[in-house]
Amino acid sequence: MDELWAAIQALPPAQWLRDVSLAYILVNAAHIASLGLLVGCIVTLDLRLLGAFASVPLPPLWTVLSRMAAAGLMLVALTGLWLFSVNAEQYAHNRAFQLKLGLLALAVANAALLHWRMRPRSGPGSQPNSGTKLQAAASIALWLSVLLAGRWIGFA
């Protein structure tokens with residue numbers, strides 16, 4: 001497996017990030033901005049499912065925020081993979097990074113399940129049931145845990 005990490009680190013985009021410090025800073029900033037978009041949209045939507053902003057109709061909010069969150073997730077994945085490539089072997093063996101990936105997988109699976117469950121109920125006047133509210137609370141906890149694990153990577 002170490003050969004795979006070494007091969008990833010040898011790719012030209014990884015080499016470019018190592019050689020051009022401004023490039024690394026910009027990709028890192030893009031990763032953080034993408035995380036803000038992703039988590040901001042998801043937490044806002046989860047809070048609405050939990051009863052906050054009750055005067056705001058759920059269907060249009062759901063449509064806009066879920067699409068924006070999906071765009072944020074794609075950008076997070078692209079920038080995260082690029083940052084990973086700079087030092088793949090070290091990250092692959094980092095416990096905090098492994099925890100972050102596990103939490104990320106759970107958070108994405110939860111979001112996909114929530115999206116699937118809410119699809120039939122996204123009509124006018126639809127209200128989340130107690131299962132949906134529990135899932136929204138779990139979503140907030142998972143995404144915030146992903147952020148904390150990500151910050152922990154530099155200290156592990």
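Sequential numbering from 1 along the given sequence is applied to the chain's residues. The analysis underlying the following values was restricted to heavy atoms, covering all of them including side chains, and did not include hydrogens, waters or symmetry mates. Predicted model, so just to flag it, every value in this text is computed and none were measured.
- When all heavy atoms of Gly72 and Leu38 are compared, the pair lying nearest together is C-CB, 4.1 Å.
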Audit row: Leu49, Leu114, side chain to side chain contact (heavy atoms under 4.5 Å, CB included) steps and yes/no: CA-CA 11 Å; Leu49 291 172; Leu114 185 59; 3.7 Å; yes
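- A pairwise comparison of heavy atoms in Asp2 and His93 identifies OD1-NE2, 3.2 Å as the closest pair.
- Within the 4.5 Å cutoff, side-chain heavy atoms of Lys100 are placed close to those of Ile153.
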Ring pair (Phe, Tyr, Trp, His ring centres under 6.0 Å) assessment of His115 paired with Trp62: CA-CA 9 Å; His115 191 77; Trp62 179 270; 5.6 Å; yes
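- Between Ile42 and the options Leu45, Thr44, Asp46, a side-chain contact (heavy atoms from CB on, under 4.5 Å) holds for only Asp46.
- For Trp5 and Phe84, the gap between ring centers is short of 6.0 Å.
- Without hydrogens or angle criteria, Thr63 side chain to Pro59 main chain gives a donor-acceptor distance under 3.5 Å.
- Between the side chain of Arg48 and the backbone N or O of Val56, at least one donor-acceptor pair lies under 3.5 Å.
- For the pair Asn110/Leu106, no side-chain contact is recorded, criterion being any heavy-atom separation below 4.5 Å from C-beta on.
- You'll find the side chain of Ser21 stays beyond 4.5 Å of the side chain of Tyr24, heavy atoms only.
- When all heavy atoms of Val86 and Gln9 are compared, the pair lying nearest together is O-CG, 4.0 Å.
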